[in-house]
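When a residue number appears, it is its place in the shown sequence, counting from 1. Atoms within a ligand are numbered from 1 in the order they appear, just like the ligands themselves.
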Amino acid sequence: MLGMVGLGAVGVAMGARAQSGVNRALGPVSSRISGFVPAAGGFRFYSVVDSVKPVDPARYRLTVGGLVEHPRSFGFADLQALPQTRLTETFHCVTGWTVPQVAWAGVALPDLLDAVGVRPGARGVRFTSFDGAYTEALTLEQARRRDVIIATSMLGGPVSHEHGGPVRMYVSQMYGYKSTKWLGGIELVDTVKPGYWETRGYDVDAWIGRSNGYTS
Ligand SMILES: Nc1nc2c(c(=O)[nH]1)N[C@H]1C(S)=C(S)[C@@H](COP(=O)(O)O)O[C@H]1N2
Ligand SMILES: [Mo]
């Protein structure tokens with residue numbers, strides 16, 4: 001299984017304590033990772049499910065709810081009508097592969113939060129994927145960073161289906177697993193709950209270089 005090769009490499013880059021944690025976390029799950037395909041430009045395509053039904057941008061909906069003043073959904077054009085944020089950064093998967101100088105564009109999460117209004121009592125943001133399995137989470141403070149983007153563009157074009165299009169997250173200063181692909185929902189919550197990989201051993205606070213056993 002190719003996925004095993006990539007995930008096994010974590011052990012080289014990480015301390016023994018983190019390595020055993022990750023191996024424990026990934027043992028039974030990695031055998032189910034079937035979406036691992038080496039991609040051009042250094043990216044690997046990851047999915048925790050066998051297949052994801054492609055969604056046309058014209059039919060895409062992002063549901064935003066929970067502890068917000070104005071729950072609503074956003075179509076692809078609605079997202080494009082909000083202020084656009086662009087940034088270029090190196091992408092880091094926690095397993096050790098990186099892709100330099102990746103261009104992203106879309107809606108900065110704080111701008112979307114302003115559009116719906118965050119209700120008092122909200123402490124975190126939960127992300128769900130229309131793949132039906134993946135979840136992620138940020139604290140409200142992290143979610144208000146301007147380098148956290150609801151991406152409608154990646155690598156200078158639309159976000160491809162393999163990369164989680166038509167809309168995916170990009171959490172710039174954290175490892176790749178924080179960046180939910182095939183984004184379907186954003187929910188304001190009163191408690192941060194660990195996401196998919198975090199219930200399997202990864203850190204919830206996934207700062208690049210200082211989480212998951214890295215100390216650079
Ligand atoms: N829905 C979903 N999002 C996901 C993942 C996934 O398996 N499913 N993998 C995460 C991980 S571990 C990484 S490194 C990046 C990889 O993005 P890519 O597949 O576009 O290279 O997506 C993240 N988002
Ligand atoms: Mo990753």
Asker: Look at Lys178 together with Glu198 and state whether they make a salt bridge at an N to O cut-off of under 4.0 Å.
Answerer: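 A salt bridge is present here (some side-chain N lies under 4.0 Å from a carboxylate O).
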Asker: Just by distance, with hydrogens left out, do Asn212 and Tyr177 show a side-chain donor and acceptor under 3.5 Å apart?
Answerer: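 Result is yes, a qualifying pair exists.
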Asker: Please report the C-alpha distance between Tyr175 and Tyr202 in whole Å, then the side-chain angles of each, then the deciding distance to 0.1 Å, and finally whether the ring-ring contact (aromatic ring centres under 6.0 Å, His included) criterion is met.
Answerer: CA-CA 10 Å; Tyr175 286 112; Tyr202 287 108; 8.7 Å; no
Asker: Counting only heavy atoms not in Arg72, do more than 12 fall under 6.0 Å of its CZ?
Answerer: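 Counting neighbours around CZ of Arg72, more than 12 heavy atoms of other residues, nucleotides or ligands fall under 6.0 Å, so yes.
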Asker: Pick out which of Tyr46, Trp182, Trp104, Phe45 makes a ring pair (Phe, Tyr, Trp, His ring centres under 6.0 Å) with His163.
Answerer: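 Considering Tyr46, Trp182, Trp104, Phe45, a ring pair (Phe, Tyr, Trp, His ring centres under 6.0 Å) with His163 is found only for Phe45.
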Asker: List the protein residues in contact with ligand 1, where contact means a heavy-atom separation under 4.0 angstrom.
Answerer: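 If the criterion is a heavy atom under 4.0 Å, then ligand 1 touches Phe43, Arg44, Phe45, Tyr46, Ser47, Val48, Phe91, Cys93, Trp97, Ser129, Asp131, Tyr134, His163, Arg168, Gly176, Tyr177, Ser179, Thr180, Lys181, Trp182.
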Asker: For Asp114, what residues pass the side chain to side chain donor-acceptor pair (under 3.5 Å) criterion, not counting sequence neighbours?
Answerer: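 Expected list: none.
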